[in-house]
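Small disclaimer: the values here were computed from a predicted structure and weren't measured. To find a chain, count down the sequence lines: A is the first, B the second, and so on, and within it residues start at 1.
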Amino acid sequence: MNKQLNIFNTLSGKKEKFIPINTGKVGMYVCGPTVYDFPHIGNARPLVVFDVLFRLLKKLNGDDKVTYVRNITDIDDKIIEASKNKKIPIDKLTKDITKNFHDDCKYLNCLKPNFEPRATEHIKGMISMTENLLNNKHAYEKDKHVYFSVNSFKNYGKLSNKKPDELEAGSRVEISKLKNNPLDFVLWKPSSTDDPGWDSPWGRGRPGWHLECSVMSEKFLGKNFDIHGGGLDLVFPHHENEMAQSCCANETDKFANYWLHNGYVTFNKEKMSKSVGNIVTIQKMREKINGQVIRFALLSTHYKQPLDWNEKLINESQNTLDKWYSLFEKIGENELSDDLLQPLLQDLNTPGYISKLHSLYDKASKGDKYSKKLFLTGCNAIGLLEEDLKSWEKFKKTNSKIDEKTIRIKIKNREDARKNGNYKLADSIRKDLEKSGIIIEDKNDKTKWRYK
RNA sequence: GGCCACGUGGCGGAAUGGUUACGCAGAGGAUUGCAAAUCCUUCCAUCCCAGUUCGAUUCUGGGCGUGGCCUCCA
C-alpha cells in the first residue's frame with residue numbers, strides 16, 4: 001500500500017499530493033500565540049492538529065527529518081493594550097503568558113517544536129526586511145511609518161481568494177490617511193516613549209503584525225518551504241500579507257508550498273467571544289480534565305470542519321478514553337499498519353482513524369495480541385494513551401469527594417448487608433457511593449470499585 | 001453588497017458514481033439478588049427540485065437553510 005500523504009492546500013483550494021521540496025525532509029511553520037492572554041480552546045485546536053501532523057510527518061520521513069517552527073509573538077499592540085489594562089509590565093505579562101502557554105502545550109501532550117522563536121529576538125531581521133522592501137519599491141515611508149504597497153504584488157489575494165478591488169469596496173476599516181491604498185499594511189510604526197520600541201532608520205518604533213512570521217520562517221526554514229499552518233482566521237489578512245511581503249522581499253514566486261488551515265471552535269454552537277463571556281481557557285480545564293480528553297475531543301472532527309465545544313463532547317471523549325485505558329500498556333516504538341495509516345494520509349482524517357482504533361480495540365479486548373499492539377501504537381501515534389494508568393486516574397480521584405478509606409468501609413458494610421440478605425441496605429450504600437462518584441462492580445465473589 | 005464553506009440517522013461524525021463507516025444514545029437478550037461492567041442481537045440518515053447516468057448521498061444547475069470572511073482573532 002502506498003504511503004503518499006495528501007493534504008488540502010488553501011492556496012489551490014484542492015487536496016494535493018504532498019511532495020516536499022527536499023526529498024525526505026520537511027519544513028513546517030505554524031503560527032503560534034500572541035502572548036497577551038491565556039490560551040483558550042480555540043487556540044488549542046491548531047496546537048493539537050499540527051502536532052498530529054508533526055508526528056505523522058516524523059513517522060513518514062524519520063524523526064530528525066522534520067523541522068517544526070512555531071513562533072511566539074511577544075510584541076504587538078494587543079500586548080501593549082493588555083499590559084495597560086491589567087497594569088502588568090509588558091515583560092512580566094509576556095513571560096507569564098508564555099509560561100502558561102507552554103504548560104498548556106504540555107498538558108495537551110504536544111511535542112515541542114524544533115524552534116520556537118520570539119518576535120522580539122528578531123527585530124533586526126524585521127528592520128532589514130523592511131529596508132529591503134523599501135529599496136525594491138514594495139514599501140514606502142510616510143511620517144515615521146513604513147507601509148507595504150499591496151499593488152506591488154501581483155498575486156495579492158490569491159491565498160484568501162479575494163480580489164483587491166472588491167476588498168476595498170467592502171472595506172469597513174477606518175483607513176489611515178497615511179496609506180496610499182486602503183489595503184496597504186504597516187511594516188513599521190513609531191512607538192511613544194512609554195511603549196516598547198527599537199531604533200530603526202525611521203526612528204524609534206516597532207514592527208507591524210505580519211512581519212515576524214516572514215522573517216522567522218525564512219531564518220529557520222528558508223525563503224521557500226513546505227508547510228505553513230494556522231487557524232482559518234489567519235488566512236486573511238495575516239497569511240495573505242505574510243506571503244506578499246515575503247515574496248516581494250525574497251524576490252520569489254513561492255513562499256510556503258502548502259497552506260493548511262484548521263476550522264473554528266464554537267462553544268455551545270455560539271461563536272466564542274469575550275463579550276459573551278464564553279471563552280474557555282485551557283488553564284481552567286487543566287484543573288479537572290485530563291489533557292488527553294481535550295486532545296481526543298479536538299481530533300474527533302476533521303480539522304477543517306467547524307467543531308462545537310460542549311459538555312457532551314467532553315463526556316463522550318472521556319468515556320471512550322476510559323474504555324481504551326482498560327487495555328493500557330506501555331509499549332515501545334512500533335510500526336503502524338498501512339491500513340491504519342490510510343485515513344491520516346488522506347488530509348489528516350482523524351475521525352476515520354479513530355474509527356479504525358475502535359475496531360482494533362474490539363479485537364484487542366477479545367484477546368487478539370497483534371490488534372492490541374497495533375491499537376496501542378495507533379493511540380500513541382496521535383498522542384493518546386502515552387500517560388500511564390495512574391496519571392489517567394488522577395483526575396477522577398481529585399474530582400471525587402470521598403477518600404479511599406471511607407470507600408472501603410462502605411463497601412465492607414455493603415458486603416455484610418449482602419451476606420445477611422439485607423439487599424435494601426446494600427443497594428442504598430451503593431447508591432450513596434454512586435453519588436460520590438464511585439461505581440461498584442460485583443465481579444465473581446469480589447466487589448470492585450472505580451471512579452465514575 | 002462581494003467572496004467562501006457547509007447541510008448525512010435522536011445526537012456527534014467519516015466515506016463514497018453501485019452493498020451508506022464509526023462513536024454515543026435507544027430497543028431486545030445473556031449475565032446479576034438487583035445493578036454495574038462485559039458480550040450478543042437490533043432499530044434509525046444522505047435538505048428540496050431538476051439534469052447527466054444503467055445507477056446520484058456523491059457530479060452539474062437552481063432553490064431553501066446555516067455558518068464564516070471582507071476589522072483584531074486559533
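- Side chain A/Asp308 to base B/rC11: no donor-acceptor pair is found below 3.5 Å.
- When the nucleotides B/rC72, B/rA74, B/rA14 are ranked by their closest atom to the side chain of A/Gln305, B/rA14 comes out on top.
- Base pairing in RNA chain B gives the following stems of 3 or more Watson-Crick or G-U pairs, range against range and under 3.5 Å: B:1-7 with B:64-70, B:10-12 with B:22-24, B:26-30 with B:38-42, B:47-51 with B:59-63.
- Atom name C1', nucleotides B/rG9 and B/rA37: the rounded distance is 28 Å, in whole Å.
- At a threshold of 4.0 Å, the pair A/Lys394-A/Asp388 does not count as salt-bridged, since none of the basic side-chain nitrogens sits closer than that to a carboxylate oxygen.
- Where A/Ser365 and A/Gly230 each meet RNA chain B at their nearest nucleotide, the meeting point lying more 5' is that of A/Ser365.
- The distance between the ring centers of A/Phe255 and A/Phe225 falls below 6.0 angstrom.
- Taking CD of A/Gln346 as the start and CG of A/Leu5 as the end, the distance is 8.5 Å to the nearest 0.5 Å.
- Within 6.0 Å of NZ on A/Lys144 lie no more than 12 heavy atoms contributed by other residues, nucleotides or ligands.
- Here the side chain of A/Met272 is nearest to one of B/rA36, B/rA74, B/rG33, namely B/rA74.
- Looking at A/Glu387 and A/Arg295, no side-chain N of the basic residue comes within less than 4.0 Å of a carboxylate O on the acidic one, giving no salt bridge.
- Not one side-chain nitrogen or oxygen of A/Lys304 sits closer than 4.0 Å to the OP1 or OP2 atom of B/rA14.
- Put simply, the side chain of A/Arg45 and the base of B/rA74 share no donor and acceptor less than 3.5 Å apart.
- Counting heavy atoms of neighbouring residues, nucleotides and ligands inside a 6.0 Å radius, atom NZ of A/Lys448 does not exceed 12 of them.
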Please list, pair by pair, any protein nitrogen or oxygen found under 3.5 Å from a nitrogen or oxygen in nucleotides 40-43 of chain B.
unit_1	atom_1	unit_2	atom_2	d
B/rC40	OP1	A/Lys366	NZ	2.8

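- At the heavy-atom level, A/Arg70 lies nowhere under 4.0 Å from the strands shown.
- To the nearest whole angstrom, the two P atoms, one in B/rG51 and one in B/rA56, are 11 Å apart.
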Atom pairs under 3.5 Å, N or O on each side, protein against nucleotides 65-69 of chain B: can you list them with distances?
unit_1	atom_1	unit_2	atom_2	d
B/rC69	OP1	A/Lys271	NZ	2.9
B/rC69	O2'	A/Lys162	NZ	3.3

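- Here A/Val235 lies out of heavy-atom contact (under 4.0 Å) with every strand.
- Applying the 4.0 Å criterion to OP1 and OP2 of B/rG13, one finds that A/Thr301 has a side-chain N or O inside that range.
- In the displayed structure, A/Lys142 atom NZ is contacted under 6.0 Å by more than 12 heavy atoms of other residues, nucleotides or ligands.
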Interface polar pairs with nucleotides 21-28 of chain B, N/O, under 3.5 angstrom:
unit_1	atom_1	unit_2	atom_2	d
B/rC24	O2'	A/Glu316	OE2	3.1

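- With sequence neighbours excluded, no residue forms a ring pair (Phe, Tyr, Trp, His ring centres under 6.0 Å) with A/Tyr156.
- More than 12 heavy atoms of other residues, nucleotides or ligands shown are found within 6.0 angstrom of NZ on A/Lys59.
- Nearest to the side-chain atoms of A/Asn349 among the listed nucleotides B/rA15, B/rG12, B/rC34 stands B/rA15.
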Under 3.5 Å, sequence neighbours excluded: what are the donor-acceptor pairs made by side chains of residues 427-439 of chain A?
unit_1	atom_1	unit_2	atom_2	d
A/Ser428	OG	A/Leu425	O	3.1
A/Asp432	OD2	A/Lys410	NZ	3.0
A/Ser436	OG	A/Asp432	O	3.4

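- By the neighbour-count criterion of 12 heavy atoms within 6.0 Å, atom NZ of A/Lys363 is sparsely surrounded, having that number or fewer from other residues, nucleotides or ligands.
- Across the C1' atoms, B/rG13 and B/rC24 are found 11 Å apart, a figure rounded to whole Å.
- Other residues, nucleotides and ligands contribute over 12 non-hydrogen atoms within 6.0 Å of the NZ atom of A/Lys86.
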